[in-house]
2 protein chains.
Amino acid sequence: MGRWEPNARGRLGRAAMELYVERGFDQTTVADIAERAGLTKRTFFRHYADKRDVLFVGTALLTEVVARAVTEAPADLSPVAATTRALEAAAGIVQERPEDVRMRQAVIDAHVELQERELVKLAALATDLAAALQARGVDVWTARLLAETGLAAFRVAFARWIADNAEGPLTRLVTDSMEELAAAVAKP
Amino acid sequence: MGRWEPNARGRLGRAAMELYVERGFDQTTVADIAERAGLTKRTFFRHYADKRDVLFVGTALLTEVVARAVTEAPADLSPVAATTRALEAAAGIVQERPEDVRMRQAVIDAHVELQERELVKLAALATDLAAALQARGVDVWTARLLAETGLAAFRVAFARWIADNAEGPLTRLVTDSMEELAAAVAKP
DNA sequence: ACATCCGATGACACCGGATGTCATCACTAG
DNA sequence: CTAGTGATGACATCCGGTGTCATCGGATGT
């Protein structure tokens with residue numbers, strides 16, 4: 001593979017995370033990351049789109065899982081039930097490594113630029129979710145509405161999970177969040 | 001005030017918008033903007049946090065309007081009704097200048113960096129909305145849930161309004177969006 | 001075993017966004 | 001008339017991000 005040590009991408013990713021935690025995201029230059037990984041700045045950008053990208057490589061998996069959960073859900077499931085199921089599947093992935101997730105989120109919460117990227121990734125996830133719902137025959141705008149609001153509920157559940165020090169399963173909080181949403185917006 | 005022509009900030013903002021529309025956001029350098037405004041690059045950054053900021057100075061008004069709508073709503077209004085009212089108030093502001101809004105949105109939709117900033121601004125709006133709801137006595141997490149999902153519904157209504165070429169009032173679409181949400185997540 | 005090719009990396013230059021610093025000018029208060 | 005204040009210009013600098021070409025090592029084919 002590479003010319004020197006193997007797994008350049010992995011080394012770069014690890015070095016970046018270490019430095020982000022050690023001294024903070026914007027106290028870390030790309031040159032620092034490359035140096036710790038024993039590579040050059042140019043090589044970093046061959047593996048990651050930008051400095052923030054390191055923290056968001058995992059989201060591709062979420063997209064997969066969400067889309068599959070919707071398409072594999074029983075056909076007689078209501079749109080909102082299918083949405084809930086997809087979000088629970090995503091929650092299942094997220095809660096697998098609580099410590100890593102919390103550390104990563106601490107870094108993100110401390111920097112607006114990282115929140116920007118996270119919101120874009122979640123918006124893309126919502127778009128994919130909406131497309132999957134549409135494929136089930138849900139109306140375009142209903143699908144987008146369910147996807148966007150569902151993901152909003154997920155975000156709140158996630159924030160609560162982080163605030164609760166990740167006690168209890170995130171899946172449970174997601175389910176509760178969707179139920180509370182139904183209760184909160186219900187006609188009196 | 002200034003040393004030369006007055007209203008440096010306004011001239012910079014106008015020059016920036018013109019150039020973003022004329023040749024695109026990332027084909028425009030800050031030096032270009034400053035030159036067209038008859039000022040220097042350094043002065044641009046004294047008036048705007050960054051190149052994107054020009055497009056988002058108006059959102060402060062939205063925050064005000066949303067917060068006021070919630071605090072001034074009758075005390076017996078349900079949380080979701082207060083939320084809907086706030087979002088309708090925001091829609092009222094947005095739909096006042098359809099052409100400007102559409103042009104601005106076209107620029108934003110063409111550049112991920114701008115979508116990033118927009119999502120952050122909307123997230124901040126959600127936070128303020130949640131705080132206003134909390135001030136009405138709504139539980140913290142219920143407030144956040146309503147604010148985030150309400151704003152998600154607003155985004156979908158806005159996207160639909162843009163897609164519909166801004167025919168019909170945005171306020172109507174927002175109201176419908178909230179009703180459709182209630183219908184979509186209701187227990188069968 | 002040898003030559004060849006190809007992908008990954010290094011080296012270097014460069015652009016542009018963003019910031020710090022200091023001088024300078026206009027306006028205002030007294 | 002002078003001192004002070006705030007906005008601006010001029011200059012230097014850092015760093016993120018990109019283009020370009022050389023170079024190295026492993027894989028491949030004969």
Side-chain angles (χ1 to χ4, degrees), chain A residues 1-57 107-108 110-118 120-121, chain B residues 1-57 107-108 110-118 120-121:
Chain A
M1 283 271 200
R3 171 149 45 157
W4 303 102
E5 306 300 317
N7 194 21
R9 181 187 179 86
R11 277 153 55 213
L12 285 164
R14 179 186 311 273
M17 273 304 300
E18 287 174 6
L19 288 166
Y20 294 167
V21 171
E22 279 177 26
R23 60 171 88 155
F25 178 77
D26 41 31
Q27 266 61 51
T28 303
T29 72
V30 176
D32 293 335
I33 300 170
E35 188 187 9
R36 177 167 299 203
L39 296 164
T40 64
K41 193 179 78 166
R42 196 67 188 82
T43 301
F44 177 87
F45 287 107
R46 288 197 182 94
H47 289 278
Y48 296 97
D50 53 55
K51 223 174 81 174
R52 296 174 289 175
D53 198 33
V54 179
L55 289 154
F56 297 95
V57 287
V107 175
I108 292 175
H111 301 279
V112 183
E113 345 160 44
L114 295 174
Q115 294 159 33
E116 289 183 340
R117 177 60 56 89
E118 179 168 57
V120 163
K121 291 285 186 182
Chain B
M1 280 275 199
R3 169 148 48 154
W4 304 103
E5 307 299 319
N7 194 22
R9 182 187 179 85
R11 278 154 53 214
L12 284 165
R14 177 185 313 273
M17 272 304 298
E18 288 172 5
L19 288 167
Y20 293 168
V21 171
E22 280 177 26
R23 60 172 89 156
F25 178 77
D26 41 31
Q27 267 60 51
T28 304
T29 72
V30 175
D32 294 335
I33 299 170
E35 187 188 10
R36 177 168 297 203
L39 295 165
T40 64
K41 195 178 74 164
R42 194 65 186 85
T43 301
F44 176 87
F45 287 107
R46 287 198 181 92
H47 288 279
Y48 295 96
D50 54 55
K51 225 174 77 171
R52 296 174 288 176
D53 198 32
V54 179
L55 289 154
F56 298 95
V57 287
V107 175
I108 292 175
H111 301 279
V112 182
E113 345 161 44
L114 295 173
Q115 295 159 32
E116 289 183 340
R117 178 61 56 89
E118 181 168 56
V120 163
K121 290 285 186 182

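By convention in this document, chain letters (A, B, ...) are assigned in the order of the sequence lines, proteins followed by strands, and residues within each chain are numbered from 1. Note that the coordinates shown come from a computational prediction; the quantities given were computed from them, not determined experimentally.
- A:Ile33 places its CD1 atom 12 Å from the C1' atom of D:dC15, with the value rounded to the nearest Å.
- As a whole-Å value, the separation of A:Lys51 NZ from C:dG17 C1' is 14 Å.
- Residue-to-nucleotide proximity on DNA chain C shows that, of B:Arg52 and A:Lys41, the 5′-proximal contact is made by A:Lys41.
- The nearest whole Å value for the distance from the CZ atom in A:Phe45 to the P atom in C:dG16 is 17 Å.
- Atom C1' of nucleotide C:dA8 and atom CG of A:Leu12 are separated by 12 Å, given to the nearest angstrom.
- Between B:His47 and the phosphate of D:dT8, there is a side-chain N or O to OP1/OP2 separation shorter than 4.0 Å.
- Between A:Thr43 and A:His47 there is a side-chain heavy-atom pair separated by less than 4.5 Å.
- Separation of atoms NZ (B:Lys41) and OG1 (B:Thr29) is listed at 8.5 Å; rounding is to 0.5 Å.
- Applying the 6.0 Å contact sphere to CZ of A:Arg9 captures more than 12 heavy atoms from other residues, nucleotides or ligands.
- Nucleotide C:dT21 holds its C1' atom 9 Å from the CZ atom of B:Arg42, rounded to whole Å.
- Atom CD of B:Glu35 has 12 or fewer neighbouring heavy atoms from other residues, nucleotides or ligands inside a 6.0 Å radius.
- Look at CZ on A:Arg11: it is 12 Å from C1' on C:dA8, rounded to the nearest Å.
- At whole-Å resolution of the value, CG in B:Leu19 and C1' in C:dG16 are 15 Å apart.
- In terms of polar N and O atoms assigned as donor or acceptor, the side chain of A:Arg46 never comes within less than 3.5 Å of the base of C:dG7 in a complementary pairing.
- Close to D:dG9, at under 4.0 Å from its OP1 or OP2, lies a side-chain N or O of B:Thr43.
- Nucleotide D:dA22 forms a pair with C:dT9, judged by Watson-Crick or G-U wobble geometry with both contacts under 3.5 Å.
- Counting to the nearest Å, the P atom of D:dG16 and the CG atom of B:Asp26 are 20 Å from each other.
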